[in-house]
Asker: 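Let me begin by handing over the structure; questions about it come next.
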Amino acid sequence: MAAKITSYQARVEEWLEACFPPSVRADRGERTHRFLEEALELAQANGCSRGDAMALLDYVFGRPKGQADMEVGGVLVTLASLCSTSGINMDEAGDRELARNWERIDAIRAKQQSKPHGSPLPQ
């Protein structure tokens, strides 16, 4: 049984379908790397140092692997609390970025096609 999809998630899936071929949008490894990139950029924007990020990397990978659905819940709770602490409206930020993505589909497709295949790096 498929999980019920929230409205925002459904709107992001609609954009993914418009922007990428099935092989790209269904690539779990690719989606994981893009999420990690954005999470690190958010941490950097909030003052997290490279040293702190590397210490957390070692801490996380030194522990047993978690369950993806439980980790999603943790990501959402900590993202919402970080947004509250930072004075950011999470819903508005998400809507704004999704609207921006619709406006630059051609640029996103071009970047996707030019990046190294099989690499976690975006360029």
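For reference, positions follow the sequence shown, starting with 1.
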Asker: Quick one: does Asn101's side chain get under 4.5 Å of Cys19's, heavy atoms only?
Answerer: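 They are not in side-chain contact.
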
Asker: For Arg28 and Ala68, work out which heavy atoms get closest and say how close.
Answerer: NH2-CB, 4.0 Å

Asker: Would you give me the side-chain donor-acceptor pairs under 3.5 Å for residues 33-43, sequence neighbours excluded?
Answerer:
unit_1	atom_1	unit_2	atom_2	d
His33	ND1	Gly29	O	3.2
Arg34	NE	Glu37	OE1	2.9
Arg34	NH1	Glu30	OE2	3.4
Arg34	NH2	Glu37	OE1	3.2
Arg34	NH2	Pro120	O	2.8

Asker: Please report the closest heavy-atom contact between Trp15 and Phe20, naming both atoms and the distance.
Answerer: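 Looking at all heavy atoms of both residues, the closest pair is CH2-CE1, 3.9 Å.
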
Asker: Report yes or no: does Ser86 contribute a side-chain atom to a donor-acceptor pair with the main-chain N or O of Cys83 at less than 3.5 Å?
Answerer: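 No; zero donor-acceptor contacts below 3.5 Å.
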
Asker: Please enumerate all residues that pass salt bridge (Lys or Arg N to Asp or Glu O under 4.0 Å) together with Arg11, with sequence neighbours excluded.
Answerer: Asp95

Asker: May I ask you to test the Leu98-Tyr8 pair for a side-chain heavy-atom distance under 4.5 Å?
Answerer: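 Yes - at least one pair of side-chain heavy atoms lies under 4.5 Å apart.
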
Asker: Measure the spacing between CG of Asn89 and CZ of Arg96 and express it to the nearest 0.5 Å.
Answerer: 8.0 Å

Asker: Are Leu79 and Val12 linked, directly or through intermediate hydrophobic residues, by side-chain heavy-atom contacts shorter than 4.5 Å (ILVMFWY only)?
Answerer: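 Val12 and Leu79: separate clusters.
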
Asker: Quick one: OG1 on Thr78 to CD on Glu71, what's the gap to the nearest 0.5 Å?
Answerer: 10.0 Å

Asker: Assess the residue pair Arg25 and Glu14 against the criterion (salt bridge (charged side-chain N to carboxylate O under 4.0 Å, His left out)); give the C-alpha distance rounded to whole Å, side-chain angles, the decisive distance to 0.1 Å, and a yes or no.
Answerer: CA-CA 11 Å; Arg25 65 177 184 260; Glu14 183 180 331; over 6 Å; no

Asker: Kindly check if the number of other-residue, nucleotide or ligand heavy atoms within 6.0 Å of CD (Gln44) is above 12?
Answerer: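 No, the 6.0 Å shell around CD holds no more than 12 heavy atoms from other groups.
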
Asker: Using a 3.5 Å cut-off and no angle test, enumerate the donor-acceptor pairs between side-chain atoms of residues 50-59 and protein atoms at least two apart in sequence or in another chain.
Answerer:
unit_1	atom_1	unit_2	atom_2	d
Tyr59	OH	Arg63	NH1	2.8

Asker: Quick check on the hydrophobic clustering: are Leu16 and Val24 connected, directly or via other members, by side-chain heavy-atom contacts under 4.5 Å?
Answerer: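 Same cluster.
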
